[in-house]
Amino acid sequence: MIFHYTESDKMGTPVEIISSRVSVYEIELDLDTWEKADTSQVPEFHDTLQDTISSLYNHKCMPGEEGGFLSEVEKGTNFAHVIEHVLLELIHLADPEKEIYSGWTRKTGGNKYVIHYSAPDFLTGRIAAILSIDLVKRLIQGEKPDMDKCINILREPVNYFTHE
């Protein structure tokens with residue numbers, strides 16, 4: 001997304017934003033439709049998640065230190081929060097040379113959540129959202145998802161539509 005915006009700062013000096021390379025997207029989730037809405041309801045989930053995507057250990061999250069996100073998962077957090085982190089990590093694993101993308105989850109009432117996240121482009125962002133939801137659901141069921149397949153799809157997201 002490229003746009004031009006000019007405004008004066010507090011000193012009256014013109015400030016111009018020339019471009020913005022990261023777009024923010026959102027997905028809404030209703031965890032009332034899920035059999036389990038919180039990681040505390042699936043005791044083995046923490047270990048399964050860590051074994052599947054070990055790089056999630058680097059996610060700081062609320063405590064502000066490495067391992068903070070997985071600590072939250074171990075204590076118990078909603079699956080929307082987990083999907084947010086998995087989504088961002090999938091995007092990063094697909095192209096580790098690019099910038100680190102960010103996200104946040106907000107509760108809209110009951111077990112309904114909105115995940116806001118940045119992605120390099122619309123297609124990658126949407127496919128990452130679909131893959132992360134699928135991946136988390138598989139982990140809840142005790143399945144071992146094919147991470148290489150997920151990452152390869154995100155490396156060339158157009159192939160998602162021709163993939164079996």
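This is a predicted model, so every value here is computed, not measured.
- Under a hydrophobic clustering in which Ile, Leu, Val, Met, Phe, Trp and Tyr are joined whenever their side-chain heavy atoms come within less than 4.5 Å, directly or via other members, Phe122 and Ile115 fall into the same cluster.
- With sequence neighbours left out, the side chain to side chain contact (heavy atoms under 4.5 Å, CB included) criterion links Thr52 to Thr48, Leu139, Lys144, Pro145, Met147.
- The two residues Gln41 and Ala37 have their closest heavy-atom pair at OE1-N, 2.8 Å.
- Contact between Leu88 and Tyr117 at its shortest, heavy atoms only, is CD2-CB, 4.1 Å.
- Panel note: side chain Ser54, backbone Asp51; no donor-acceptor pair is recorded below 3.5 Å.
- Atom CG in Leu93 sits 10.5 Å away from atom SG in Cys150 (nearest 0.5 Å).
- In this structure, Leu135 and Arg138 have side chains that are not in contact, with every pair of non-hydrogen atoms separated by 4.5 Å or more.
- A donor-acceptor pair under 3.5 Å is formed between the side chain of Asn152 and the backbone N or O of Asp148.
- By the 4.5 Å heavy-atom criterion applied to side chains, Ile133 and Ile27 are counted as neighbours.
- Rounding to the nearest 0.5 angstrom, the gap separating the CD1 atom in Ile83 from the CG atom in Asp134 is 10.0 Å.
- For CD of Glu44, the number of neighbouring non-hydrogen atoms (other residues, nucleotides, ligands) closer than 6.0 Å is greater than 12.
- The shortest side-chain heavy-atom distance between Ile140 and Phe79 falls under the 4.5 Å cut-off.
- A single hydrophobic cluster is seen to contain both Leu123 and Leu90, as judged by linkage of ILVMFWY side chains at heavy-atom distances under 4.5 Å, directly or through other members.
- Contact check for Thr124 versus Tyr101: no side-chain heavy atoms found under the 4.5 Å cut-off.
- For Asp32 against Lys112, the heavy-atom pair with the smallest separation is OD2-NZ, 4.4 Å.
- Clustering ILVMFWY residues whenever any of their side-chain heavy atoms sit less than 4.5 angstrom apart, transitively, puts Tyr57 in the very cluster that holds Ile53.
- For Glu35, the CD atom is loosely surrounded, since the number of other residues' heavy atoms within 6.0 Å does not exceed 12.
- Thr39 approaches Gly76 most closely through the heavy-atom pair OG1-CA, 3.1 Å.
- Closest of all the heavy-atom pairs between Cys61 and Gly68 is CB-C, 4.1 Å.
- Here Ile153 contributes atom CD1 and Arg155 contributes atom CZ; the two are 12.0 Å apart, rounded to the nearest 0.5 Å.
- Annotation for Thr108 and Arg106: closest pair CG2-NH1, 3.4 Å, computed over non-hydrogen atoms.
- Under the 4.5 Å side-chain criterion, counting only non-hydrogen atoms from C-beta, Asn111 is not in contact with Asn78.
- Here the side chains of Trp104 and Val24 are in contact, with some heavy-atom distance below 4.5 Å.
- With sequence neighbours left out, the side-chain hydrogen bond (donor to acceptor under 3.5 Å, both in side chains) criterion links His59 to His85, Glu89.
- Counted by atom type alone, Thr105 and Glu84 present one or more donor-acceptor pairs between their side chains at under 3.5 Å.
- How far CG of Leu154 is from CG of Leu87: 8.5 Å, rounded to the nearest 0.5 Å.
- Residues Phe69 and His81 are in side-chain contact: their nearest non-hydrogen atoms beyond the backbone lie under 4.5 Å apart.
- Judged purely by distance below 3.5 Å, without hydrogens or angles, the side chains of Asn58 and Ser55 never pair a donor atom with an acceptor atom.
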